[in-house]
K.L.:
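Below you'll find the structure I mean.
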Amino acid sequence: MKNLKNISIIYPMNLKQLENKTIYLLGKSRAFSSDEFLEQLAHHDISVVQELSDDMSSIAFIVEGRMITPYEQIVSDDFYEKKTAPFISIDVLEK
C-alpha cells in the first residue's frame, strides 16, 4: 500500500468550498452523464482541467471518479506520489 502521508481524501465537503476553484477529474461519474456532471460543476463555478500540463499549480483538488481507466490510475498514482493536490471522492460532487 502506498504511503499517503500528507495526502488527504476529503469527505464530506460542501460544494461552496469548491466554488471558483479548479479541479482535475480522474474517471467518470456513475450518477450523471458527462454533460450533466459538467453542467452541475459549472452551476457551482467549478472549473475542470481537461488536459494534463507541466504546471498543475492551479489545481485545488483532484477528484477521483468511480470508473478509472488504467491510464488514469497511473496518473492518479503519480499525483499521490508528487502530492500534487488533495484528493476528494466524486461522491462529494454527486450528492
Side-chain angles (χ1 to χ4, degrees):
M1 185 159 191
K2 295 179 191 132
N3 179 3
L4 301 180
K5 191 174 181 180
N6 299 323
I7 294 287
S8 60
I9 305 263
I10 300 169
Y11 185 81
M13 173 184 278
N14 184 329
L15 284 180
K16 293 259 183 222
Q17 292 176 274
L18 291 176
E19 284 183 356
N20 302 309
K21 301 243 188 303
T22 301
I23 63 170
Y24 185 79
L25 178 63
L26 292 166
K28 296 180 181 179
S29 168
R30 284 188 182 171
F32 301 103
S33 72
S34 291
D35 290 339
E36 290 171 327
F37 189 72
L38 293 175
E39 284 177 28
Q40 179 73 7
L41 294 177
H43 175 75
H44 290 283
D45 295 319
I46 301 168
S47 301
V48 179
V49 170
Q50 299 294 329
E51 294 185 25
L52 289 174
S53 70
D54 290 335
D55 181 18
M56 297 297 282
S57 63
S58 65
I59 304 297
F61 296 99
I62 299 164
V63 178
E64 288 190 307
R66 293 286 183 186
M67 302 183 306
I68 296 178
T69 67
Y71 172 76
E72 290 170 323
Q73 185 61 55
I74 292 168
V75 170
S76 176
D77 292 345
D78 188 49
F79 284 162
Y80 270 120
E81 187 176 304
K82 292 180 180 175
K83 298 176 177 68
T84 303
F87 281 71
I88 60 174
S89 170
I90 200 164
D91 295 337
V92 173
L93 304 175
E94 292 183 335
K95 288 186 175 191

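Computed from heavy atoms alone, side chains included, the values below leave out hydrogens, waters and symmetry copies.
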K.L.:
Would you compute the distance between atom OG of Ser34 and atom CD of Glu39 and round it to the nearest 0.5 angstrom?
P.N.:
11.0 Å
K.L.:
Using side-chain heavy atoms (C-beta onward) and a distance below 4.5 Å, is Ile23 in contact with Ile46?
P.N.:
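Yes, side chains in contact.
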K.L.:
Between Val48 and Phe32, is there shared hydrophobic-cluster membership here, with clusters defined by ILVMFWY side-chain heavy atoms closer than 4.5 Å?
P.N.:
yes
K.L.:
If you look at every heavy atom in Pro86 and Ala60, which pair is closest and at what distance?
P.N.:
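Shortest heavy-atom separation between Pro86 and Ala60 comes out as CD-O, 3.4 Å.
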K.L.:
Could you pull out the closest heavy-atom pair between Glu64 and Ser76, with the gap in Å?
P.N.:
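Scanning both residues completely, I find the closest heavy atoms to be OE2-OG, 3.2 Å.
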K.L.:
Any salt bridge linking Asp91 with Arg66? Criterion: basic side-chain nitrogen under 4.0 Å from a carboxylate oxygen.
P.N.:
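Salt bridge between Asp91 and Arg66, a charged N being under 4.0 Å from a carboxylate O: yes.
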K.L.:
Taking Glu72 for its side chain and Gly27 for its backbone only, find out whether a donor-acceptor pair lies under 3.5 Å.
P.N.:
yes
K.L.:
Is there a side-chain contact between Val49 and Thr22 (heavy atoms, below 4.5 Å)?
P.N.:
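Heavy-atom side-chain distance check passes, below 4.5 Å.
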K.L.:
So, Tyr80 versus Phe87, ring centres under 6.0 angstrom or not?
P.N.:
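Under 6.0 Å, so yes.
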K.L.:
If you compare all heavy atoms of His44 against all heavy atoms of Glu19, which two are closest, and at what distance to 0.1 Å?
P.N.:
O-CG, 3.0 Å
K.L.:
Tell me, do Ile62 and Ile88 make a side-chain contact under 4.5 Å, heavy atoms counted?
P.N.:
no
K.L.:
Please determine whether the number of non-hydrogen atoms from other residues, nucleotides or ligands lying under 6.0 Å from atom CD of Glu36 exceeds 12.
P.N.:
yes
K.L.:
Kindly indicate whether the side chain of Leu18, heavy atoms from C-beta on, has any atom under 4.5 Å from the side chain of Phe61.
P.N.:
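Leu18 vs Phe61: side chains touch.
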K.L.:
Is the closest side-chain heavy-atom distance between Ile59 and Phe79 below 4.5 Å?
P.N.:
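Answer no - side chains too far apart.
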